[in-house]
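Have a look at the structure below before the remarks.
Values below: all heavy atoms of this structure, side chains included; hydrogens, waters and symmetry mates excluded. Just so it is clear: chains get the letters A, B, ... in the order the sequence lines come, proteins before strands, and each one is counted from 1.
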There are 2 protein chains.
Amino acid sequence: MAEYAGVSPKTVSNVINDYEHVSERTRTVVREAIDALGYRVNIAGRQLRQGRTGMITLAVPELDVAYFSELAKHVMAEADRAGRTVLLHQTGGERGRELAALHGFDTQFSDGVILSPLSLLPRDLATRDRRLPVVLLGERPAEGDTDHVGIDNVAAARDATAHLLARGRRRIAVIGGAVRGRQGTDRLRTDGYRQALRDARVPFDPRLVVPVEAFHWRDGARAASRLMDLGTPPDALLCLNDHMALGALRALHEAGRSVPGDLDVVGFDDIEATRFSVPSLTTVAPDKPRIAREAVALLLHRVDAPDATAPGRDEVVGHRVVVRESSGG
Amino acid sequence: MAEYAGVSPKTVSNVINDYEHVSERTRTVVREAIDALGYRVNIAGRQLRQGRTGMITLAVPELDVAYFSELAKHVMAEADRAGRTVLLHQTGGERGRELAALHGFDTQFSDGVILSPLSLLPRDLATRDRRLPVVLLGERPAEGDTDHVGIDNVAAARDATAHLLARGRRRIAVIGGAVRGRQGTDRLRTDGYRQALRDARVPFDPRLVVPVEAFHWRDGARAASRLMDLGTPPDALLCLNDHMALGALRALHEAGRSVPGDLDVVGFDDIEATRFSVPSLTTVAPDKPRIAREAVALLLHRVDAPDATAPGRDEVVGHRVVVRESSGG
DNA sequence: CGAGATATTTACATCGTTGTAATCGTCATG
DNA sequence: CATGACGATTACAACGATGTAAATATCTCG
């Protein structure tokens with residue numbers, strides 16, 4: 001490349017990086033050589049020299065969970081705007097792989113990591129190497145010094161539950177909920193649900209909180225079937241994500257229950273499919289574009305101005321309850 | 001690292017790469033140093049020296065199309081088994097980005113590319129740099145010298161159509177179909193559909209072939225609505241992917257048509273959602289795990305035994321029509 | 001015209017890894 | 001004991017990009 005243009009490698013580098021003291025003539029010559037050869041900077045070389053690659057990693061539990069693939073799309077668009085490339089990574093929600101992402105093991109040539117954790121523990125964050133910029137999405141295993149972007153899960157669940165209560169529902173089940181245990185998304189949303197009940201002076205029935213294995217269709221379907229077998233079945237299902245809600249709709253259909261005739265169903269995430277299900281699904285919609293924007297902004301800020309001692313920032317983005325047919329919309 | 005272990009860098013390299021002439025003692029010392037420091041090979045360094053990274057790229061049009069995210073999962077699992085890491089890349093189906101993937105521009109870090117193209121042209125393949133190993137999935141813009149893995153689209157559409165014909169359907173519409181133009185997936189499947197009609201001596205009505213902008217829910221819904229407004233509406237919809245089929249189900253519901261009472265609906269891809277829709281969806285199921293396995297195998301073969309002159313191989317994997325409620329199952 | 005300032009370009013070293021080839025040690029054999 | 005063979009380790013160079021500092025070219029002004 002350099003010899004083709006008849007200049008030193010460093011000059012090529014200078015042109016590429018828009019160094020100001022390059023004569024107009026050389027600049028042109030080098031640019032033409034670049035075009036002629038289809039030359040591209042070797043990222044490995046740059047990475048070795050500068051420790052930077054211009055790439056960031058997005059690590060999510062599962063790509064075939066629509067919420068994450070939709071989010072990934074937004075993050076990629078946002079990164080694109082900032083001239084960065086995104087490496088997509090899947091953790092399966094396993095702590096080991098989340099830790100690996102947190103330390104940049106599998107993805108060492110990325111400048112930072114946006115991680116959506118499921119099983120990470122507070123101590124994992126405490127002991128992490130703070131030289132690798134990290135932004136957490138959704139769950140936040142610990143308060144404190146790691147950047148985080150998410151919705152107010154407690155308020156979101158409270159709003160969704162209040163919506164059901166306002167429609168006269170009184171026996172509202174929570175699919176995927178958790179009454180005790182660490183402050184994961186499930187626990188926070190269940191707390192919000194209980195707050196709404198309390199506000200409306202509706203008694204809390206622990207049998208209506210159904211934990212699940214994973215947040216998948218089948219888990220939602222299974223939980224819904226089981227709930228309908230109760231002596232006094234629920235009159236509404238608050239499902240902690242849309243996939244489970246859609247699975248529940250299917251199970252209710254099989255059980256001969258009408259939605260929203262016999263009972264209401266509400267989901268979380270506002271994935272594309274909720275607009276097309278029968279009935280269409282009421283859901284809590286987080287502001288995904290904004291989550292992506294904030295996450296990328298926070299990450300790039302740390303990438304561009306490394307400061308391991310800077311305190312963690314917490315961005316809470318908005319959410320809204322999108323009412324559709326499954327709860328009377 | 002090397003100085004911590006008290007040996008030369010090359011010895012560390014030898015230990016890592018299981019070079020045989022390393023004394024048991026040094027091997028242990030180095031291993032312990034590696035553990036103590038949490039040392040990991042720097043991929044940029046290795047890439048610079050060897051031109052290899054141990055990573056492969058999977059480039060698909062859109063990650064939030066379930067078929068691709070499900071496929072991505074299988075590819076990642078398969079790559080994992082071979083000790084490789086997968087970089088996921090999104091092209092949006094744009095020719096420019098597909099070309100970039102084909103040339104390893106955005107992903108020069110990877111040893112090879114598995115690309116699922118949508119708009120790539122035959123000449124793009126003819127002029128590609130054959131030093132970068134590439135495997136094409138699904139669409140195959142040109143016969144010839146590039147490895148390819150896919151199902152027999154003509155046969156698959158023929159089978160699905162035959163299934164509908166066997167159920168007595170006679171006015172079968174094709175959503176996403178194409179009667180002329182390049183031999184893309186849409187065209188091949190439409191050809192298969194026409195073969196089935198011919199075999200059954202059912203006349204072909206071009207008005208029943210509805211092209212769409214993208215293979216998304218909304219396109220399926222829109223096409224279905226439009227079809228139901230015809231003088232003699234169809235009695236079955238063959239949708240060229242599941243998202244469109246699910247969108248169509250929704251539109252039919254809104255139009256007050258019963259599935260499979262008034263008409264049948266069939267999709268393609270067998271995504272998870274088809275099992276939970278109401279009604280559940282009959283679909284053509286490609287053998288995704290096998291597609292992933294073959295693609296990774298073909299790619300790694302080229303990565304490990306580079307030979308730019310080796311002729312392209314074509315793996316045709318099986319498919320089957322999974323009959324569910326939407327066509328009477 | 002010459003000195004100093006400024007603009008432009010380049011030489012050199014380095015990042016981490018590893019292929020090649022050289023070095024150093026050890027051991028067996030004649 | 002000398003020699004050769006082989007095992008273990010290391011010196012060196014190079015992959016490509018770029019920060020630093022030095023070299024070279026050009027310009028300005030007295």
Quiz item: Closer than 4.0 Å, any side-chain N/O of B:Ser23 to the OP1 or OP2 of D:dG7?
Solution: no
Quiz item: With respect to the phosphate group of D:dG16, does any side-chain polar atom (N or O) of A:Arg46 fall under 4.0 Å of OP1 or OP2?
Solution: no
Options [options], nucleotide nearest the side-chain atoms of [X]:
X       : options                : value
A:Gln50 : C:dT9, D:dG16, D:dT18  : D:dT18
B:Tyr19 : D:dT9, C:dT18, C:dT9   : D:dT9
B:Val7  : C:dT10, D:dG16, D:dT10 : D:dT10
B:Asn14 : D:dT18, D:dT10, C:dT18 : D:dT10

Quiz item: Heavy-atom distance under 4.5 Å between the side chains of B:Thr57 and B:Ile114, does that happen here?
Solution: no
Quiz item: Which residue, A:Ser8 or B:Met1, contacts DNA chain C at a nucleotide closer to its 5' end, judged by nearest heavy atom?
Solution: A:Ser8
Practice problem: Go through the N and O atoms of the side chain of A:Arg49 and the base of D:dT18, and report whether any donor-acceptor pair is under 3.5 Å. | Solution: yes
Quiz prompt | Donor-acceptor contact present, side-chain A:Gln90 to main-chain A:Leu63, <3.5 Å | solution = yes
Quiz item: For A:Thr11, which contact category applies under a 4.0 Å heavy-atom criterion: base, sugar-phosphate, or nothing?
Solution: base
Quiz item: When all nucleic acid strands are considered with a 4.0 Å heavy-atom cut-off, which category describes B:Val12: base, sugar-phosphate, or nothing?
Solution: nothing
Quiz prompt | Polar side chain donor-acceptor pair, B:Glu62 to B:His216, under 3.5 angstrom | solution = yes
Exercise. Taking only Lys NZ, Arg NE, NH1 and NH2, and the carboxylate oxygens of Asp or Glu, determine whether A:Glu98 and A:Arg95 approach each other closer than 4.0 Å.
Key: no
